[in-house]
Amino acid sequence: MTPFKKNILKGRTALVTGGGSGIGKEIAVTLGRHGAGIVIAGRQQKRLEAACLEFDSQDIECLPIPADVRDPDQVETVVSGALNHFGRLDIVVNNAAGNFPALLDGISYNGFKSIVDIDLIGTFNVTKAAFNGYLKANGGCIVNISAPFEHWGVSYQAHVAAAKSGVDSLTRTCAVEWGPLGIRVNSVAPGAIAGTEGVRRFETAVGRGGKQVTGTARDVANAVLFLVSDGAAFINGICMRVDGGSGIDLMKIDTSR
Ligand code: NAP
Ligand code: COA
């Protein structure tokens, strides 16, 4: 069941990086179920192919393109592959990311750099390639998946919080520079999402915190679908938290009765 009308993205093409697993896979299938042709990119070809097989069984046309978002040449191949296959690229979702929970003194120089390279520079690489290859001339939408960390000190997540804050900043600059070209750019910041690699890693390393507010990948996918739909035509440059309010809950006291 979907709260949106079917086929609201009919005729459009969407690229979802990291679309072979977790939240990205749910975003890809959700955009596909609403009519978009789908391109998914990630490093593991088998994972991408398995996801596309699942999408095929739901009559979603899906193209898997292996690529590391850190490599501009590979990213350009993704954009040209999408255009060769579908002839257009209306929607880009920068979802690919890396994360390992570690306190600052447990993050090596290369560990910090790896996360910034994937999350922030990877987002820039894909955004720039899509802009040059299609969006500049045709308009479209970009959604960057960030995290609700921007205004906080975030233990065990120094590298991710820095990278995702950079992503939110990039979102705003793209929005103001490219809005006049008919390109809307927004972020979605998920809270803890059940059943994902991100939460599994965190709980394995750190355990469960006190008050838990957990959403689903579907919650995130629906927010992305809204932002890329015509219903969000005047929404540009925002960061939409999809976290049940946990990102603004400073006291984290369980007030349920
Ligand atoms: P996930 O399943 O591990 O998804 C990450 C995806 O990114 C994978 O499909 C991975 O595929 C791809 N990827 C990683 N490095 C890449 C690279 N260098 N180049 C290309 N693709 C790469 O994790 P997830 O939990 O669903 O996270 C998805 C997004 O949500 C991330 O942006 C994350 O920061 C964000 N987020 C998650 C949570 C949460 O609760 N899980 C909370 C806040 C934000 P390959 O390994 O095949 O490359
Ligand atoms: N604690 C501390 N440092 C860690 C670590 C951990 N749990 N995991 C990796 N690192 C460090 C490595 O030691 C290395 O630093 P070094 O060269 O100084 O030793 C650096 O991070 C890079 O690791 P490497 O495995 O070479 O990088 P990669 O580019 O192959 O992979 C990661 C990137 C580390 C983010 C990897 O976990 C990954 O690919 N993740 C994708 C999936 C994911 O993170 N999902 C959750 C998204 S929310």
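Residue numbers run from 1 in the order of the sequence given. Counting starts at 1 for both ligands and their atoms, in listed order. Keep in mind it's a predicted model, so treat the numbers as computed, not measured.
Side-chain polar atoms of Ser114 and Asp117 form no donor-acceptor pair below 3.5 angstrom. Side-chain contact, Asn144 with Ser187: no donor N or O sits under 3.5 Å from an acceptor N or O. In summary, the side chains of Glu54 and Gln58 do not present any donor paired with an acceptor at a separation below 3.5 Å, with no hydrogens or angles considered. Between Thr171 and Asn186, the side chains place no donor N or O within less than 3.5 Å of an acceptor N or O (distance only, hydrogens not considered).
When distances from atom 20 (C) of ligand 2 to the protein are checked, a heavy atom turns up under 4.0 Å. Within a 4.0 Å radius of atom 40 (N) of ligand 2, the protein has at least one heavy atom. Under the 4.0 angstrom criterion, atom 3 (N) of ligand 2 counts as having a protein heavy-atom contact. Atom 35 (C) of ligand 2 is flagged as protein-proximal [any protein heavy atom, distance under 4.0 Å]. Counting protein heavy atoms under 4.0 angstrom from atom 44 (O) of ligand 2 gives one or more.
Looking at Arg200 and Glu197, a side-chain N of the basic residue comes within less than 4.0 Å of a carboxylate O on the acidic one, giving a salt bridge. Salt bridge Glu61/Arg33: absent, no basic N to carboxylate O contact under 4.0 Å. A salt bridge does not link Arg70 with Asp119: none of the charged nitrogens is closer than 4.0 Å to a carboxylate oxygen.
Ile60 has its side chain within reach of Val29: a pair of non-hydrogen atoms, C-beta onward, lies under 4.5 Å apart. Ile145 is not listed as a side-chain neighbour of Thr123, based on a closest heavy-atom distance of 4.5 Å or more. Here the side chains of Val39 and Phe86 are in contact, with some heavy-atom distance below 4.5 Å. Here the side chains of Ile8 and Leu225 are in contact, with some heavy-atom distance below 4.5 Å. Under the 4.5 Å side-chain criterion, counting only non-hydrogen atoms from C-beta, Arg12 is not in contact with Lys10.
Ligand 2 is approached by Arg43 to a heavy-atom distance shorter than 4.0 Å. Taking a 4.0 Å cut-off on heavy atoms, Asp117 fails to register as neighbouring ligand 2.
Of the heavy atoms in Lys164, none comes closer than 4.0 Å to ligand 2. Contacts with ligand 2 closer than 4.0 Å are made by side-chain heavy atoms of Ile115 only, the backbone lying farther away.
For atom 29 (O) of ligand 2, the choice among His159, Gln157, Arg70 with the nearest heavy atom turns out to be Arg70. Across Asn95, Leu103, Ile118, heavy-atom proximity to atom 33 (C) of ligand 2 is greatest for Ile118.
The contact shell of ligand 1, taken as protein residues with any non-hydrogen atom closer than 4.0 angstrom, comprises Gly18, Ser21, Gly22, Ile23, Gly42, Arg43, Gln44, Arg47, Ala67, Asp68, Val69, Arg70, Asn95, Ala96, Ala97, Ile118, Ile145, Ser146, Lys164, Pro190, Gly191, Ala192, Ile193, Thr196, Glu197, Gly198, Val199.
The aromatic rings of Phe131 and Trp178 lie parallel to each other, their planes meeting at an angle below 30°, with 60° marking the opposite boundary.
Looking only at heavy atoms of the protein, atom 26 (O) of ligand 2 is closest to Asn110 ND2, 4.9 Å. If you check which protein heavy atom lies closest to atom 37 (O) of ligand 2, you get Arg201 NH1, 2.7 Å. In terms of protein heavy atoms, atom 18 (O) of ligand 2 is closest to Ser108 OG, 2.6 Å. Nearest to atom 1 (N) of ligand 2 among the protein's heavy atoms is Phe100 CD1, 3.4 Å.
For ligand 2, the polar-atom distance check against Ser114 finds no nitrogen or oxygen pair separated by under 3.5 Å.
Atoms of ligand 2 found under 4.0 Å from any heavy atom of Gly111 (numbered from 1 in listed order, with element): 15 (O), 20 (C), 21 (O).
The side-chain contact (heavy atoms from CB on, under 4.5 Å) test with Asn125 singles out one residue from Thr17, Val75, Asn94, and that residue is Val75.
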